[in-house]
Number of protein chains: 2
Amino acid sequence: MACDTPLTERRLGKRGQTLIAAGESGPAWRVVEGIVRLDLPVPFGEEPGEEHFVGIAWGGDLIGAEALMFGRYGYTATAVTPVILEGWSSAAAKEPAALLYARFEHRMGEVLRLRAGKAPERIARLFELAQSAGAEPLRLRLRDIAAITGLRIETVSRTLKAMEVGG
Amino acid sequence: MACDTPLTERRLGKRGQTLIAAGESGPAWRVVEGIVRLDLPVPFGEEPGEEHFVGIAWGGDLIGAEALMFGRYGYTATAVTPVILEGWSSAAAKEPAALLYARFEHRMGEVLRLRAGKAPERIARLFELAQSAGAEPLRLRLRDIAAITGLRIETVSRTLKAMEVGG
DNA sequence: CGACTATTTGACCCTTCTCAAATCGGGTGG
DNA sequence: CCACCCGATTTGAGAAGGGTCAAATAGTCG
């Protein structure tokens with residue numbers, strides 16, 4: 001860790017990389033570029049290996065902030081696109097609470113829109129989001145697209161093929 | 001609740017009542033009891049009268065906080081169940097930002113779960129949520145159930161009937 | 001090259017959406 | 001008290017859209 005910059009420690013993540021693991025401890029990060037998906041480990045004795053998708057973060061969103069409060073990360077964060085993270089400390093946070101809430105509302109609306117409408121619309125919106133989040137290669141894994149849009153991998157595959165022919 | 005302090009103004013809302021109207025100005029509120037749905041007025045020249053569901057709030061969540069920042073409410077809030085609101089001022093807010101984030105992650109996960117799985121599961125989860133939010137009569141309007149779960153009103157009607165027979 | 005993981009494809013079934021029309025209530029003006 | 005209107009629910013029938021299960025292909029990384 002060449003931590004010679006006094007202010008903002010940065011960290012890169014490749015597509016598919018686990019950025020934060022539920023149960024472990026560490027700092028909070030701000031998602032500067034790219035998209036991150038958040039999953040909860042299965043609550044009860046369900047399929048081990050399965051996870052519950054609980055949200056995405058991008059464009060300045062904070063991830064892992066709960067570790068500052070409770071000591072451990074509450075969920076797993078994985079890079080959906082290549083990402084750039086920036087260390088975040090609560091001391092450095094100057095955003096007023098009302099602004100945080102406003103940002104939340106917007107974020108929740110975006111996430112919900114990814115679960116509304118038919119398969120092609122959902123997937124298209126996800127790609128738009130990825131593009132606006134500054135993800136360069138714009139190549140997403142089907143499993144991520146499926147988890148985020150609430151579709152099946154097979155459906156995503158077929159829809160994607162249909163889309164590139166039509167549009 | 002021996003809270004007779006002059007500071008916390010309370011307000012009741014009946015099912016279906018508009019609590020906050022997009023574009024108007026006013027204070028922020030904390031949802032003490034019940035469930036509130038949030039909608040965005042249609043962005044462009046789409047079906048007038050239609051709204052985009054962008055989230056729900058309950059159990060201590062804040063609504064209308066963006067009016068503190070931007071002067072106007074950014075979305076419409078409607079009572080899905082009878083609700084109790086409590087006036088909120090940013091000055092009174094002492095929750096650390098990290099806690100706000102943690103709460104929000106949880107909230108987003110809950111909302112997403114209401115859009116996952118088949119119709120009966122979604123609807124059942126919404127009723128559980130409504131119950132946990134302290135809504136007494138537990139009678140929801142079909143249009144609200146449909147908007148929140150992302151189903152059609154007809155589907156909700158049919159599913160509800162099938163559910164009360166089976167379970 | 002070999003083991004694995006990710007993506008495609010096929011065939012078929014089930015859910016949910018659609019479009020229409022019938023009912024059910026609750027108010028209202030006579 | 002009754003006829004009527006309007007929004008909210010129900011019901012029907014048929015069509016799409018996705019989900020499932022199974023197998024075949026492409027990629028990847030040692």
Side-chain angles (χ1 to χ4, degrees), chain A residues 13-18 35 37 39 46-53 76 78-82 112-127 130 135 137-167, chain B residues 14-18 37 39 46-53 78-82 112-127 130 137-167:
Chain A
K14 288 185 301 186
R15 183 160 54 98
Q17 186 175 339
T18 297
I35 292 188
R37 65 175 272 196
D39 297 85
E46 293 176 40
E47 312 283 323
E50 289 273 317
E51 294 192 320
H52 283 313
F53 170 71
T76 297
T78 318
V80 169
T81 68
L112 271 174
R113 277 164 50 77
L114 294 170
R115 291 249 170 160
K118 304 200 171 155
E121 308 168 40
R122 297 189 195 187
I123 295 176
R125 278 197 284 260
L126 176 56
F127 275 100
L138 263 194
R139 185 174 163 66
L140 312 183
R141 292 182 308 174
L142 295 195
R143 53 147 64 171
D144 289 329
I145 301 177
I148 294 172
T149 58
L151 300 167
R152 295 282 125 178
I153 290 184
E154 297 94 322
T155 302
V156 173
S157 174
R158 283 186 252 258
T159 306
L160 236 28
K161 165 162 290 194
M163 286 169 76
E164 70 192 24
V165 171
Chain B
K14 290 185 298 185
R15 182 160 54 96
Q17 186 175 338
T18 296
R37 65 175 274 196
D39 297 85
E46 293 177 41
E47 312 283 322
E50 289 274 317
E51 295 193 319
H52 282 313
F53 171 71
T78 318
V80 169
T81 68
L112 271 174
R113 279 165 49 76
L114 293 171
R115 291 251 170 159
K118 303 197 172 157
E121 308 168 40
R122 297 189 195 187
I123 295 177
R125 278 197 285 261
L126 176 56
F127 275 100
L138 264 193
R139 184 172 165 67
L140 313 183
R141 290 183 308 174
L142 295 195
R143 51 146 68 169
D144 289 328
I145 301 178
I148 294 172
T149 58
L151 300 167
R152 294 282 125 179
I153 290 185
E154 296 95 321
T155 303
V156 173
S157 174
R158 284 186 252 259
T159 306
L160 236 29
K161 165 162 289 192
M163 287 168 77
E164 69 191 23
V165 171

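Order of the sequence lines fixes the chain letters, A, B, ..., with proteins taken first and strands second; residue numbering starts at 1 for each chain.
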Report all interatomic pairs (protein N or O, nucleotide N or O of nucleotides 4-6 of chain C) with separations under 3.5 Å.
residue : atom : partner : partner atom : Å
C:dA6   : OP1  : A:R143  : NH2          : 3.2

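Axis angle, first five pairs versus last five pairs of the helix from C:dC1-D:dG30 to C:dG30-D:dC1: 40°, rounded to 10°.
Residues A:L114 and A:L126 come closest through the heavy atom pair CD2-N, 3.5 Å. A pairwise comparison of heavy atoms in A:D39 and A:F53 identifies OD2-CA, 3.3 Å as the closest pair. Among all heavy-atom pairs drawn from A:R115 and A:A147, the shortest one is NH2-O, 2.8 Å.
When side chains are defined from C-beta on, A:T159 does not count as touching A:L151, because their heavy atoms never get closer than 4.5 Å. Using a 4.5 Å heavy-atom threshold, the side chains of B:L160 and B:L142 count as touching.
With rounding to the nearest 0.5 Å, the separation of CD1 in A:I148 from CZ in A:R122 is 12.5 Å.
Distance CZ (A:R158) to P (C:dA11): 11 Å, rounded to an integer number of Å. With rounding to whole Å, B:E154 atom CD is found 17 Å from C:dT23 atom P.
Phosphate proximity of C:dT8 to A:S157: present, with a side-chain N or O under 4.0 Å from OP1 or OP2.
Residue pairs meeting the salt bridge (charged side-chain N to carboxylate O under 4.0 Å, His left out) criterion with at least one member in residues 140-149 of chain A, sequence neighbours excluded, are A:R37-A:D144, A:R141-A:D144.
Within residues 113-122 of chain B, the residues having any heavy atom closer than 4.0 Å to DNA chain C are, in order of number, B:K118, B:A119. Listed by residue number, A:G150, A:L151, A:R152 are the residues of residues 144-153 of chain A with a heavy-atom contact under 4.0 Å to DNA chain D.
Scanning DNA chain D 5' to 3' for nucleotides with an atom closer than 4.0 angstrom to a non-hydrogen atom of chain B gives a first and last hit of D:dA8 to D:dA13.
With A:T81 contributing its side chain and A:I35 its backbone, the two residues share a donor-acceptor pair below 3.5 Å. Counting only distance, with no hydrogens or angles, the side chain of B:R113 and the backbone of B:R125 share no donor-acceptor pair below 3.5 Å. No side-chain donor-acceptor contact under 3.5 Å links B:R152 to the backbone of B:A146.
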